[in-house]
Amino acid sequence: MAETGASPLPAIPPPASARARDPRSPLARAEHFVWLTARVLERRLFAYHFRGGDPGPVETALDAYRNEDGGYGHALEPDVRGPVSQPLHAARALRVLNAVGRCGGQRVERVCRYLTSVSTPDGALPLIRSDGEACPAAPFVPVVADPPGELLATGPVVGLLHRNKVWHAWLFRATDFCWQAAESLESSHPYEIEAAVAFLDTAPDRPRAQAAADRLGRLVRERRLAVLDGHDPGGYPVSPGCARGERHFPHDYASDPRSLARAWFTDDEMARSLDSLAAEQEGDGGWPVRRPRWAPAPAMEARAGATVEALHTLRAYGRPLG
């Protein structure tokens, strides 16, 4: 209890993030949602991206998901539960490290050793490995006895390592796999094409990457794999395995204007796509997850990540957030 007559403590000013901000702005509403629902990791990422936070706390939060084998588990990727290391968790970890400029050094060397241990003979990564402890996973992440290598798992990882100029023996075989897979896609799924773009955006042979991206852009438009008319999204097909009404938009392929996929779409098409993205912010301040909902916790955890990603995309294109 304070002594009678003691000088009152000085008032603590509110943090900068709470001053001079319109509470109705997209950013303020999203921040409320993140603090209300998100894991520590997404809270730290939000603070880093939008409130001038340091990268150190992001790395500390990420360490909670790291295993002794150099991989990551513990539902870092919300749709794959349990403690076991999985390639999808490693991919998410590398995205986090890249986002805060820490994708390098011994930490990433350990990840590469893990990736080497779980890759297929052609250097590719499976979506999910079935060995070890059985853990719940989303129905759209199939668990098979001898999983093949997938561009969906390998492309984003290889792209991030090239982006950060990481060199490892495993990367040579994995890069060859990604070239072959990206250049041979014909009848594809939007998520697979997005994985190809993640590789091509930083692949070392830029003329080859440009040619492969141009071909994929034509494929996306011919197969109507991106909604180009926001007033008639029902006129575009829903790809197999997607949720009811789940369609992909130009910003899904080109989340950054520097992406090779940006050239696939006109300025008007991209503007309509970003309008659609901004309009998806829900009443609670968060963005929805369009893929199938299969359990309550993964859906909520994924929404926080989707919210940070939506804000990041809108800001990359110069959209005001408030």
Side-chain angles (χ1 to χ4, degrees), residues 15-18 21-65 72 74-80 88-103 156 159-160 163 191 194-195 197-198 201 248-249 251-259 273-291 293 297-322:
S17 63
R21 183 168 14 115
D22 182 355
R24 299 165 298 178
S25 71
L27 187 60
R29 292 166 55 211
E31 185 171 26
H32 177 79
F33 172 78
V34 166
W35 280 106
L36 188 65
T37 67
R39 303 181 296 187
V40 172
L41 178 61
E42 281 73 30
R43 294 181 187 186
R44 294 299 195 183
L45 277 169
F46 182 94
Y48 174 82
H49 284 303
F50 304 105
R51 297 301 177 210
D54 294 326
V58 179
E59 284 191 283
T60 300
L62 182 62
D63 278 342
Y65 300 90
Y72 289 78
H74 310 279
L76 175 57
E77 174 58 52
D79 286 323
V80 182
L88 286 179
H89 296 315
R92 174 64 71 97
L94 290 174
R95 289 204 303 274
V96 171
L97 293 171
N98 174 74
V100 299
R102 297 289 180 89
C103 192
L160 284 170
R163 181 183 298 276
Y191 286 119
E194 290 170 23
V197 171
D201 274 345
H248 289 242
F249 292 77
H251 66 262
D252 291 313
Y253 299 98
S255 60
D256 187 289
R258 295 167 294 183
S259 171
S273 177
L274 295 169
D275 289 343
S276 297
L277 177 61
E280 282 188 326
Q281 187 174 22
E282 298 187 337
D284 59 6
W287 266 260
V289 175
R290 285 182 259 138
R291 59 181 179 268
R293 176 189 173 102
M300 181 58 71
E301 292 172 359
R303 278 195 71 200
T307 297
V308 173
E309 290 171 6
L311 292 170
H312 202 270
T313 296
L314 291 169
R315 185 174 65 178
Y317 280 94
R319 290 297 180 102
L321 299 177

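All values below come from the heavy atoms of this structure, side chains included, with hydrogens, waters and symmetry mates left out.
- Here Asp79 pairs with Arg291 under the salt bridge (charged side-chain N to carboxylate O under 4.0 Å, His left out) rule; sequence neighbours left out.
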Less than 3.5 Å apart, which donor and acceptor atoms pair up between the side chains of residues 309-316 and the rest of the protein, not counting sequence neighbours?
unit_1	atom_1	unit_2	atom_2	d
Thr313	OG1	Glu309	O	3.1
Arg315	NH1	His49	O	2.7
Arg315	NH2	His49	O	3.3

Donor-acceptor pairs under 3.5 Å, side chain of residues 273-280 to any protein atom, not counting sequence neighbours: which ones?
unit_1	atom_1	unit_2	atom_2	d
Ser273	OG	His251	N	3.0
Ser273	OG	His251	ND1	2.6
Asp275	OD1	Arg319	NH1	2.9
Asp275	OD1	Arg319	NH2	3.1
Ser276	OG	Arg272	O	3.1

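- How far CD of Glu194 is from OH of Tyr253: 6.0 Å, rounded to the nearest 0.5 Å.
- Applying the side chain to side chain contact (heavy atoms under 4.5 Å, CB included) rule to Ala75 yields the partners Arg81; only residues at least two apart in sequence or on another chain are considered.
- Asp284 CG to Leu36 CG: the interatomic distance, rounded to the nearest 0.5 Å, is 8.0 Å.
- Side chain of Arg44 to backbone of Gly53: no donor-acceptor contact under 3.5 angstrom is found.
- Looking at every heavy atom in both residues, Tyr317 comes nearest to Ala254 through OH-O, 2.7 Å.
- Nearest approach of Val58 to Tyr48, heavy atoms of both residues: CG2-CB, 4.1 Å.
- Judged purely by atom type and a 3.5 angstrom limit, Glu59 has no side-chain atom pairing as donor or acceptor with the backbone of Arg102.
- The shortest heavy-atom contact between Gly285 and Thr307 is O-CG2, 4.3 Å.
- Remark: Glu77 CD to Tyr72 OH distance equals 14.5 Å, nearest 0.5 Å.
- Closest approach of Gly322 and Ser25 over heavy atoms only: CA-CB, 3.7 Å.
- Between the side chain of Arg258 and the main chain of Asp201, no donor-acceptor pair closer than 3.5 Å is present.
- The side chain to side chain contact (heavy atoms under 4.5 Å, CB included) search around Ala198 returns Pro156, not counting sequence neighbours.
- What you find for Arg163 and Asn98 is that their closest heavy atoms are CD-OD1, 3.3 Å.
- Qualifying side chain to side chain contact (heavy atoms under 4.5 Å, CB included) partners for Asp63, counting only residues two or more places apart in sequence or in other chains: Arg66, Arg107.
- Judged purely by atom type and a 3.5 angstrom limit, Glu282 has no side-chain atom pairing as donor or acceptor with the backbone of Gly286.
- Atom CE of Met300 is separated from atom CZ of Arg293 by 7.5 Å, given to the nearest 0.5 angstrom.
- Residue Leu45 comes nearest to Ala99 through the heavy atom pair CD2-CB, 4.4 Å, listed as atom of the first residue, atom of the second, then distance.
- Interatomic distance, Leu62 CG to Leu76 CG, rounded to the nearest 0.5 Å: 6.0 Å.
- With values rounded to the nearest 0.5 angstrom, Arg92 atom CZ is found 9.5 Å from Tyr65 atom OH.
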